[in-house]
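What follows is a set of notes on a single structure, which appears directly below.
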Amino acid sequence: MSHIDDEIRELSLELYQTYTKLQELKKQKEPQPVKNYEFLTENHKPIHLLDMFKDQDYMVVIHNMGGKCSWCTAWADGFSGIYPLISKEAAFYVSSPDSPEQQAVIKSERGWQFPMVSIAESRFAKDMGFQEGTSYFPGLSVFVKNADETISRINSAPIGPSDQFGVLWHLYDLLPNNPMS
């Protein structure tokens, strides 16, 4: 084993320990009350955040920047693959500022499985911390439907290169010609 291999192994262990500590801290966060936002579905029908839970107690909402962001579409490609699994545990939606028409086109082109909502006419991304001015940022929020039919956000995370949500980045990092560098 080389010195570089030893250093890689040591740094990998540090990352694992840091990630474990991060997960423990996230479990200690206090739930944040959230209002019952209204969005547009892919077929232009209004839907409220509470209705998006369907029969689930938990929901994951991806904050996607829209079809013009190649990184966001790559993440969404990965989420589409795990959608059948995660949807057994929690409702799952991808939100973006794209119009329902734009969402339908990209969803069809890429074969995405999950439902989408347009947040173009909503303060949702801003209130969740994923919009500043006219700029959107990728991330995700996890919500719980409380017994009294109110909603709380119980977790959130930014999404970015080398995050734990996109396996593609980690594979690219191993290639000498990383196309995302």
Side-chain angles (χ1 to χ4, degrees), residues 15 18-19 21-23 25-42 44 46-53 58-80 82-83 86 90-107 109-110 112 114-146 150-170 172-173 178-181:
L15 283 171
T18 300
Y19 180 74
K21 183 176 180 178
L22 178 63
Q23 292 309 103
L25 287 172
K26 286 181 178 184
K27 289 177 185 175
Q28 297 172 31
K29 284 179 61 171
E30 291 291 321
Q32 303 167 299
V34 173
K35 70 181 196 174
N36 193 17
Y37 294 89
E38 182 177 277
F39 312 111
L40 286 177
T41 64
E42 299 160 56
H44 265 281
I47 189 169
H48 286 89
L49 192 61
L50 188 60
D51 298 325
M52 291 164 53
F53 281 90
Y58 300 100
M59 179 170 50
V60 176
V61 175
I62 303 299
H63 302 278
N64 188 292
M65 294 169 56
K68 293 179 182 173
C69 176
S70 61
W71 289 19
C72 288
T73 54
W75 279 297
D77 288 342
F79 294 137
S80 186
I82 64 165
Y83 173 71
I86 191 69
F92 184 95
Y93 284 81
V94 171
S95 69
S96 82
D98 290 342
S99 70
E101 293 85 9
Q102 291 168 311
Q103 289 178 339
V105 167
I106 193 166
K107 183 176 176 178
E109 288 174 352
R110 299 191 76 96
W112 290 343
F114 46 73
M116 298 185 74
V117 291
S118 175
I119 59 168
E121 303 298 320
S122 171
R123 288 187 45 91
F124 179 68
K126 184 176 184 74
D127 292 349
M128 297 298 109
F130 293 100
Q131 180 187 2
E132 190 171 304
T134 59
S135 297
Y136 290 84
F137 309 103
L140 60 91
S141 293
V142 179
F143 301 95
V144 63
K145 177 173 54 175
N146 302 308
T150 60
I151 306 163
S152 297
R153 182 164 76 162
I154 56 174
N155 239 316
S156 64
I159 295 177
S162 296
D163 65 27
Q164 60 270 62
F165 301 107
V167 69
L168 181 62
W169 314 123
H170 302 288
Y172 279 167
D173 283 345
N178 182 341
M180 298 308 275
S181 293

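Positions are given from 1, in the same order as the sequence printed here. Hydrogens, waters and symmetry mates play no part in the numbers below; they use all other heavy atoms, side chains included.
- For Y58, the OH atom is loosely surrounded, since the number of other residues' heavy atoms within 6.0 Å does not exceed 12.
- No side-chain heavy atom of M52 sits under 4.5 Å from any side-chain heavy atom of P115.
- Within the 4.5 Å cutoff, no side-chain heavy atoms of V60 are placed close to those of Y93.
- Put simply, the side chain of N64 never gets that close to the backbone of V94: no donor and acceptor are under 3.5 Å apart.
- Between T134 atom OG1 and K126 atom NZ the span is 10.0 Å, to the nearest 0.5 Å.
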Apply side chain to side chain donor-acceptor pair (under 3.5 Å) to the pair S135 and E132, showing each step before the final yes or no.
CA-CA 5 Å; S135 297; E132 190 171 304; over 6 Å; no
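- Taking the ring centroids of F124 and F39, they lie under the 6.0 Å cut-off.
- Here the side chains of I151 and Y37 are not in contact, with every heavy-atom distance at 4.5 Å or above.
- In this structure, the separation between CE on M59 and CD1 on I86 is 12.5 Å, given to the nearest 0.5 Å.
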Working for side chain to side chain donor-acceptor pair (under 3.5 Å), residues S96 and Q103
CA-CA 8 Å; S96 82; Q103 289 178 339; 3.0 Å; yes
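- Rounding to the nearest 0.5 angstrom, the gap separating the CG atom in L50 from the CZ atom in F143 is 12.0 Å.
- A heavy-atom distance below 4.5 Å is not found between the side chains of Q131 and R123.
- Note that the NZ atom of K68 and the OG1 atom of T73 stand 13.5 Å from one another [nearest 0.5 Å].
- Applying the side chain to side chain contact (heavy atoms under 4.5 Å, CB included) test to E38 and every residue at least two apart in sequence or in another chain returns P46, H48.
- Using a 4.5 Å heavy-atom threshold, the side chains of S152 and N146 count as touching.
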